[in-house]
Amino acid sequence: MPAWLAASMALALLLSAAAWRAERLLQRRGRTTRWLWLAAIAASAILPLAWLPGVLAAMPAEQAQLKLGWFVLSSGMLLLLALRSVWLLSHQRRWQKTSLLGTPVYLSGGIGPCVAGLLRPRIVMPVWLQLISPQQQALLLAHAQCRLAAHDPLLLALAYALIILMPWNLPLWWQLHRLRFAIEVDCDARMLAHGHAPRDYAIVLRQHGQYYSGLTGASPIVLNDPLALRRRRRHLMARFTRNRAANLL
């Protein structure tokens with residue numbers, strides 16, 4: 001089984017390298033990259049399972065602890081996701097349903113701006129949103145609507161479900177990181193394609209972008225990445241002109 005584990009991670013590394021190369025090509029053409037990374041995660045998690053039954057049948061008894069460790073890791077991750085979902089549900093009871101610029105939203109004490117929920121995703125905005133200018137409110141609301149239209153919660157939930165199969169496979173976690181970044185970049189491009197001014201959007205990212213990474217797309221695990229946010233502001237906003245971003249619509 002150790003050889004199978006090593007081969008699984010090696011396969012994930014190869015797929016990561018291929019996806020990284022393909023991502024650069026797609027970005028130069030102004031194309032979406034989220035599906036590329038989801039495909040890499042799916043292939044890395046599912047392809048090795050074809051050889052798993054034979055590996056388990058031939059596994060010596062002294063390696064039984066490897067199966068136990070795998071079970072513990074997968075169960076622990078599943079429990080963590082379940083606890084995160086319970087935490088989110090407990091906060092939903094205190095959210096206030098209202099309307100922001102004609103769009104139904106939920107106001108929370110500290111969660112958001114984000115899209116929360118899987119079966120019935122909803123836009124969640126923090127109460128401090130009422131203190132900023134209507135222009136910035138409109139941009140934050142448009143950003144959340146882009147997430148809702150792109151089904152970001154469902155996409156991330158599918159990625160986490162695949163990683164639960166092999167939580168010990170470290171390249172899978174890097175692929176998840178790239179998927180989340182690709183989702184952000186695609187959303188940025190859609191915002192520009194819808195006619196929002198790059199300068200105004202960059203200001204909103206600088207002032208409020210840190211809130212996206214806390215519960216991005218109702219992600220069950222918090223993953224703050226200030227470096228990725230700076231990269232989006234400095235490079236990606238300049239890379240996607242309105243014409244190139246229109247390819248994502």
Side-chain angles (χ1 to χ4, degrees), residues 1-56 66 70 73-74 77 81 146-147 150-190 192-193 212-213 216-217 219-221 223-241 243-249:
M1 191 172 185
W4 179 84
L5 296 175
S8 298
M9 287 191 286
L11 174 63
L13 281 173
L14 289 175
L15 291 172
S16 298
W20 174 270
R21 177 63 178 173
E23 181 184 50
R24 291 174 176 269
L25 296 175
L26 291 174
Q27 285 178 344
R28 283 199 291 267
R29 298 178 180 178
R31 302 293 183 178
T32 180
T33 59
R34 61 173 62 200
W35 299 110
L36 171 68
W37 287 107
L38 183 62
I41 293 174
S44 299
I46 295 176
L47 288 180
L49 296 180
W51 292 272
L52 184 58
V55 171
L56 293 177
L66 293 177
W70 186 349
L73 286 175
S74 295
M77 182 178 174
L81 296 179
C146 281
R147 292 194 173 283
H151 306 289
D152 286 351
L154 182 61
L155 190 68
L156 286 170
L158 180 57
Y160 279 108
L162 290 168
I163 291 181
I164 286 177
L165 297 175
M166 294 183 181
W168 43 264
N169 196 332
L170 296 182
L172 276 176
W173 290 98
W174 184 79
Q175 291 173 5
L176 174 65
H177 171 76
R178 296 304 307 174
L179 171 63
R180 296 190 62 177
F181 187 71
I183 288 174
E184 298 289 350
V185 172
D186 291 347
C187 191
D188 292 342
R190 285 185 172 87
L192 298 185
Y212 294 139
S213 52
T216 298
S219 171
I221 296 180
L223 180 61
N224 294 312
D225 193 349
L227 178 60
L229 183 60
R230 289 196 296 270
R231 287 180 57 200
R232 287 170 61 197
R233 291 202 313 263
R234 295 175 183 176
H235 303 290
L236 299 175
M237 294 298 296
R239 177 178 298 174
F240 287 106
T241 63
N243 290 335
R244 295 178 67 190
N247 292 325
L248 295 177
L249 294 177

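Excluded from the calculations below are hydrogen atoms, water molecules and symmetry mates; all remaining heavy atoms, backbone and side chain alike, are included. Counting begins at 1 with the first residue of the sequence.
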Query raised in the report: Which residue pairs pass the side chain to side chain donor-acceptor pair (under 3.5 Å) test with at least one member in residues 45-55, sequence neighbours excluded?
Result: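 Qualifying pairs, neighbours excluded: none.
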
Can you tell me how far the [atom1] atom of [X] sits from the [atom2] atom of [Y], to the nearest 0.5 Å?
| X | Y | atom1 | atom2 | result |
| --- | --- | --- | --- | --- |
| L172 | L162 | CG | CG | 8.5 Å |
| L81 | I164 | CG | CD1 | 5.0 Å |
| L36 | L26 | CG | CG | 6.0 Å |
| R147 | L156 | CZ | CG | 8.0 Å |
| T32 | E23 | OG1 | CD | 10.0 Å |
| L13 | W20 | CG | CH2 | 14.0 Å |

Nearest atoms (heavy-atom pairs only) where [X] meets [Y]:
| X | Y | value |
| --- | --- | --- |
| I41 | L179 | CD1-CD2, 4.0 Å |
| M166 | S44 | SD-O, 3.9 Å |
| S8 | N169 | O-ND2, 3.6 Å |
| P167 | S74 | CD-OG, 3.3 Å |

Requested in this report: Using ring pair (Phe, Tyr, Trp, His ring centres under 6.0 Å) as the criterion, list what pairs up with W70, not counting sequence neighbours.
Outcome: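 Ring pair (Phe, Tyr, Trp, His ring centres under 6.0 Å) check on W70 returns W4, W168.
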
[X]: partners by side chain to side chain contact (heavy atoms under 4.5 Å, CB included), with sequence neighbours left out:
| X | answer |
| --- | --- |
| R21 | none |
| L47 | L11, A43 |
| A40 | A19, W37, Q175 |

Query raised in the report: Are any of the side-chain heavy atoms of L176 and I163 separated by less than 4.5 Å?
Result: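 A side-chain contact under 4.5 Å exists here.
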
Query raised in the report: What pairs of residues pass the salt bridge (charged side-chain N to carboxylate O under 4.0 Å, His left out) test when at least one of them lies in residues 34-52, not counting sequence neighbours?
Result: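 Passing the test, one end in residues 34-52: R34-D152, R34-D186.
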
